[in-house]
Asker: 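Handing you this structure, nothing more for now.
Because the structure is predicted, anything quoted here is derived from the model rather than measured.
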Amino acid sequence: MKPSLKIDRDVAFITLSRPRLANKLAAEDLPELMRHIEKVNRHTDIRVLILQSEGKHFCSGYDISDIKNSQHSGSSFGEMVDAFEQCSAVTIAALQGGVYGGATDLVLACDFRVGSQLTNMFMPAARLGLHFYAQGLERYVTRLGLDTAKRLFLTCEHLQAAEMKMCGFLTHLCEPETLQDTVDQLSNTLRTMAPIAIRGMKKHLNLIARGHHDVEAIQREVERTLHSKDLAEGGLAWKEKRTPVFTGQ
């Protein structure tokens with residue numbers, strides 16, 4: 001089955017649904033995933049997007065036997081992953097199991113990466129004779145650092161959950177039975193934040209990491225929040241010692 005999209009008020013869920021194939025991605029999945037992200041971006045009330053999958057493994061990456069079909073302009077694997085990184089909602093990857101190959105880059109494109117003790121990762125590109133695409137190399141270096149990126153790409157080493165957390169691949173690590181609760185708690189926390197501020201800071205933090213940020217664009221976002229109803233609500237809620245109710249205005 002192709003990846004599905006479900007929207008529940010201000011939270012969206014994209015689910016990978018090929019558990020018998022370890023949720024391997026195929027050529028037809030790439031434009032489908034991009035369409036899902038486009039739909040999420042159009043719904044400005046969606047604050048959180050959760051990427052999840054069915055079965056034992058999170059995702060085994062792209063079908064290596066069909067790798068040439070992952071490079072078509074307009075629907076390439078790298079463009080699909082970039083779409084996740086640039087999604088307007090805050091993204092959470094919920095990793096119940098193994099994440100391999102190109103799926104590791106898809107996960108790194110998410111803002112938060114929650115794994116369990118059963119999670120592990122493997123980047124076999126060099127072992128398969130494949131040079132990874134530019135955006136993915138950049139993402140590895142900006143997220144994990146040059147030395148870790150070299151370790152994972154050049155030696156094809158498997159990492160278990162504890163090492164994934166230590167090197168920064170995972171932002172959260174929990175027991176398998178608490179994975180869903182951990183994802184839900186993180187999602188609920190993010191949903192309480194001011195939408196204008198959190199979306200703007202997410203965007204510009206990613207650009208800063210790549211060295212592509214625009215100071216004037218950041219200042220425009222600052223000015224926007226200074227004149228927003230959300231800032232007034234946040235200040236009042238702080239004074240009244242209550243949870244603010246933000247509207248994104």
Side-chain angles (χ1 to χ4, degrees), residues 1-6 11-26 29-30 33 36-37 40 48-63 77 80-85 87 89-125 132 136 139-140 142-145 148-149 151-153 156-191 202 206:
M1 293 179 61
K2 290 183 180 180
S4 62
L5 172 65
K6 175 185 175 183
V11 180
F13 302 85
I14 290 179
T15 304
L16 308 181
S17 304
R18 289 197 184 100
R20 292 184 180 179
L21 297 175
N23 295 305
K24 185 179 296 183
L25 296 173
D29 297 325
L30 307 184
L33 286 165
H36 290 336
I37 294 295
V40 169
V48 176
L49 168 62
I50 297 172
L51 176 62
Q52 59 189 12
S53 62
E54 299 176 356
K56 178 181 177 182
H57 300 286
F58 176 76
C59 181
S60 58
Y62 192 85
D63 185 353
F77 194 94
M80 179 274 291
V81 177
D82 284 348
F84 269 87
E85 181 175 303
C87 181
V90 180
T91 51
I92 302 172
L95 310 176
Q96 82 282 15
V99 51
Y100 310 123
T104 61
D105 188 38
L106 174 58
V107 169
L108 283 175
C110 294
D111 300 307
F112 296 94
R113 302 171 292 278
V114 183
S116 83
Q117 296 291 349
L118 299 178
T119 304
N120 61 90
M121 69 160 292
F122 174 45
M123 169 46 76
F132 215 64
R139 226 175 328 266
Y140 259 79
T142 58
R143 299 294 190 276
L144 306 178
T148 298
R151 175 186 176 190
L152 295 173
F153 272 109
C156 303
E157 181 180 353
H158 280 81
L159 290 190
Q160 301 301 317
E163 284 189 289
M164 293 170 71
K165 179 66 168 63
M166 189 178 302
C167 76
F169 191 96
L170 295 178
T171 60
H172 299 70
L173 178 59
C174 59
E175 297 298 327
E177 61 270 18
T178 64
L179 178 66
Q180 189 60 58
D181 286 343
T182 303
V183 171
D184 290 344
Q185 289 172 15
L186 177 57
S187 176
N188 290 334
T189 296
L190 294 166
R191 291 168 63 203
K202 165 190 165 154
N206 281 339

Asker: Identify the heavy atoms of Phe132 and Ala125 that sit nearest to each other, and give their distance.
Answerer: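 Phe132 and Ala125 have their closest heavy atoms at CD1-CB, 4.4 Å.
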Asker: Decide side chain to side chain contact (heavy atoms under 4.5 Å, CB included) for Leu16 and Asp29; before the verdict, give the C-alpha distance in whole Å, the side-chain angles of both, and the deciding distance to 0.1 Å.
Answerer: CA-CA 9 Å; Leu16 308 181; Asp29 297 325; over 6 Å; no
Asker: Can any side-chain N or O of His36 pair as donor or acceptor with the backbone N or O of Pro3 at less than 3.5 Å?
Answerer: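 Judged by distance alone, yes, a pair lies under 3.5 Å.
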Asker: Flag the pair Pro19 / Lys56 as yes when at least one side-chain heavy-atom distance between them is below 4.5 Å, and no otherwise.
Answerer: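 With C-beta onward as the side chain, the pair stays apart.
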Asker: Using side-chain heavy atoms (C-beta onward) and a distance below 4.5 Å, is Leu144 in contact with Leu152?
Answerer: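 Result yes, sub-4.5 Å side-chain heavy-atom pair found.
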Asker: Decide side chain to side chain contact (heavy atoms under 4.5 Å, CB included) for Cys110 and Leu51; before the verdict, give the C-alpha distance in whole Å, the side-chain angles of both, and the deciding distance to 0.1 Å.
Answerer: CA-CA 8 Å; Cys110 294; Leu51 176 62; 4.2 Å; yes
Asker: Determine whether a donor-acceptor pair (N or O, by modelled atom type, separation under 3.5 Å) exists between the side chain of Arg113 and the backbone of Phe169.
Answerer: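 A pair under 3.5 Å: yes.
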Asker: Mind running side chain to side chain contact (heavy atoms under 4.5 Å, CB included) on Leu190 and Asp111 for me, showing each step along the way?
Answerer: CA-CA 11 Å; Leu190 294 166; Asp111 300 307; over 6 Å; no
Asker: Can you check side chain to side chain contact (heavy atoms under 4.5 Å, CB included) on Lys202 and Thr91, steps first, answer last?
Answerer: CA-CA 10 Å; Lys202 165 190 165 154; Thr91 51; 4.1 Å; yes
Asker: So which pairs with a foot in residues 164-178 pass side chain to side chain donor-acceptor pair (under 3.5 Å), sequence neighbours left out?
Answerer: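 Counting only pairs at least two positions apart or across chains, no side chain to side chain donor-acceptor pair (under 3.5 Å) contact touches residues 164-178.
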Asker: Which distance, rounded to the nearest 0.5 Å, do you find between the CD of Gln180 and the CD of Gln185?
Answerer: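 So the gap between those two atoms works out to 10.5 Å.
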Asker: Can you name the nearest heavy-atom pair linking Leu49 to Phe84, along with the distance?
Answerer: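 Distance-wise, the nearest heavy atoms are CD2-CE2, 4.2 Å.
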Asker: Check whether Asp105 reaches the backbone of Tyr140 with its side chain - one donor and one acceptor, N or O, closer than 3.5 Å.
Answerer: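 Flag not set: sc Asp105 to bb Tyr140 has no pair under 3.5 Å.
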Asker: Would you check if there is a donor-acceptor pair between the side chains of Gln96 and Ser116 at a distance under 3.5 Å?
Answerer: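 Distance-only check fails for Ser116 and Gln96.
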Asker: Out of curiosity, Phe13 CZ to Lys6 NZ, how far, rounded to the nearest 0.5 Å?
Answerer: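 Taking CZ in Phe13 and NZ in Lys6, the distance rounds to 6.5 Å.
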Asker: Could you check whether the rings of Phe122 and His158 sit parallel, tilted or perpendicular, using 30° and 60° as the cut-offs?
Answerer: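 Parallel.
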Asker: Using side-chain heavy atoms (C-beta onward) and a distance below 4.5 Å, is Leu33 in contact with Leu25?
Answerer: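 The answer is yes; the side chains approach within 4.5 Å.
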